[in-house]
Amino acid sequence: MACPVLLPVLGVVAAVYTASLAFVGTPQQQLRTSRVPCRVSAEYLERCGPKDSDVPFDPAQASGPGAAVEFKKRPFGILRWQPGQGMKGAMAMEIIPKSRYPGDPQGQAFASGVQSGWVVTSINGQNVQNEDFGKIMDLLDDEVADPRFSKSTALALEKQGGRLAEPAAAPLQVQFNSIPGYVYKGAQLKEDGQDGFAR
C-alpha cells in the first residue's frame with residue numbers, strides 16, 4: 001500500500017535533484033570566440049559598439065572633403081566611434097557640440113570643424129584608413145584619457161591581450177575625410193544638467 005504513494009514522491013525528488021545538478025553543476029563548455037559581446041563592459045559597448053542608427057561604411061571610400069586637425073591633448077571631444085565593414089577604419093560619430101572655454105580639450109573636435117560621419121584617414125602622417133578599428137583606437141587613445149571610460153577601456157584591453165599599437169604622440173595630426181553620399185543618422189548630443197552631454 002505504501003509503495004504506490006512512495007514511487008511518485010521518489011520520482012519528483014529524483015527530477016528535482018537532476019534539475020539542480022544541471023543548474024549548479026559543472027558549467028557547460030564556454031564558447032571561444034572573439035565576437036561575443038559580453039567580453040567587454042557595457043560602457044565600452046556604449047562607446048564603440050554598434051547602434052541601430054549606424055550606417056555600414058567602407059573606409060576605402062573616404063575620399064571626400066574633410067579636415068586636417070591638430071589635437072593638442074586628450075580627450076578630443078568625440079564620444080563615440082564606429083568601425084567600418086570588416087572592423088576596418090574608424091568613423092567619428094558623437095561629437096561634443098561646443099567648446100566650453102578657450103583651450104577646452106573636449107571642445108577640440110567641435111572647434112576644428114570635425115563632423116559626425118567623417119573617417120580617420122591618417123594619424124601623424126601614418127595612413128590608417130584601412131587599418132583595424134582597434135589599432136586606430138589605440139593610436140588615438142582618446143577613450144583612455146576620458147575618466148568616464150577608463151575602467152571599461154582597461155577591461156577591454158585586458159580581454160584583447162594588450163594594445164594593438166602604442167598611443168600616438170601628442171599633439172596629434174589627424175586627417176579626416178568624408179564619404180561622398182554618406183548621411184549621418186546618429187544622435188545629436190545635448191547638454192545635460194551636470195555639464196556633460198547625452199543623447
Side-chain angles (χ1 to χ4, degrees), residues 30-63 66-71 73-96 105-106 108-109 114-179 182 184-187 189:
Q30 291 187 353
L31 186 63
R32 299 282 182 209
T33 175
S34 61
R35 297 186 185 270
V36 177
C38 63
R39 290 185 179 271
V40 295
S41 69
E43 292 89 353
Y44 183 86
L45 288 175
E46 174 65 19
R47 183 151 199 208
C48 295
K51 298 280 184 289
D52 290 341
S53 60
D54 289 351
V55 177
F57 72 94
D58 179 358
Q61 295 178 344
S63 59
V69 177
E70 180 179 82
F71 293 121
K73 58 177 85 168
R74 296 171 170 100
F76 312 139
I78 301 172
L79 295 185
R80 194 168 79 83
W81 299 86
Q82 178 188 339
Q85 294 171 355
M87 292 300 287
K88 300 291 185 182
M91 178 181 282
M93 296 301 285
E94 295 170 7
I95 298 170
I96 291 180
Q106 296 245 30
Q108 292 178 98
V114 177
Q115 296 181 23
S116 299
W118 281 5
V119 176
V120 176
T121 54
S122 72
I123 300 172
N124 285 352
Q126 175 186 352
N127 187 322
V128 296
Q129 188 166 351
N130 294 300
E131 290 284 357
D132 288 336
F133 178 70
K135 180 177 180 180
I136 297 170
M137 292 297 96
D138 285 346
L139 285 167
L140 292 174
D141 197 34
D142 187 24
E143 67 271 23
V144 175
D146 188 330
R148 291 175 294 172
F149 299 103
S150 58
K151 181 63 176 174
S152 62
T153 303
L155 290 171
L157 284 173
E158 181 183 328
K159 294 288 185 184
Q160 176 180 283
R163 290 183 172 277
L164 298 177
E166 288 303 309
L172 284 82
Q173 308 295 327
V174 180
Q175 175 66 45
F176 290 91
N177 286 90
S178 59
I179 296 177
Y182 176 88
Y184 175 72
K185 296 183 179 178
L189 298 182

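Atoms considered below: every heavy atom in the structure, side chains included; atoms not considered: hydrogens, waters and symmetry mates. Nothing here was measured: the structure is a model prediction, and the numbers come from that model.
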query: Only one of I96, I95, L172, V114 forms a side chain to side chain contact (heavy atoms under 4.5 Å, CB included) with F76, so which one is it?
result: L172
- prompt: Got a donor-acceptor contact below 3.5 angstrom from the Q108 side chain to the P75 backbone?
  reply: yes
- line: Residue set satisfying side chain to side chain donor-acceptor pair (under 3.5 Å) with T121, at least two apart, ordered chain then number -> N177
Under 3.5 Å: donor-acceptor pair, side chain of D132, backbone of G134: no
query: How many angstroms lie between atom CZ of R80 and atom CG of D142, to the nearest 0.5 angstrom?
result: 14.0 Å
Point-to-point distance, once rounded to the nearest 0.5 Å, from CG of D141 to CZ of F71: 13.5 Å
statement: In this structure, CG of L140 is separated from CZ of R74 (nearest 0.5 Å) by 7.5 Å
Where P59 and G84 come nearest, the two heavy atoms and their spacing: CD-CA, 4.4 Å
- prompt: Just how far is it from atom CG of N130 to atom CD of Q85, taken to the nearest 0.5 Å?
  reply: 11.0 Å
query: Just by distance, do the side chain of S122 and the backbone of N127 share a donor-acceptor pair under 3.5 Å?
result: no
- request: Looking only at non-hydrogen atoms, find the nearest pair between W118 and A67 and report the distance.
  value: CZ3-CB, 3.6 Å
message: Using 30° and 60° as the class boundaries, would you call the ring planes of Y182 and F57 parallel, tilted or perpendicular?
response: perpendicular
task: Starting at CE of M91, measure out to OH of Y184 and round the result to the nearest 0.5 Å.
output: 10.0 Å
- prompt: If you measure from CD on Q82 to CD on E94, what distance do you get to the nearest 0.5 Å?
  reply: 10.5 Å
query: Which atoms form the tightest heavy-atom contact between A62 and Q129, and what is the distance?
result: O-NE2, 3.4 Å
- request: Check whether any side-chain heavy atom of V119 lies under 4.5 Å from a side-chain heavy atom of F176, and answer yes or no.
  value: no
message: For a quick test of reading the model, state the closest non-hydrogen atom pair linking D138 to A165 and the distance between them.
response: CB-O, 3.3 Å
query: Would I136 and W81 count as a side chain to side chain contact (heavy atoms under 4.5 Å, CB included) if you check the C-alpha gap in whole Å, the side-chain angles of each, and the deciding distance to 0.1 Å?
result: CA-CA 10 Å; I136 297 170; W81 299 86; over 6 Å; no
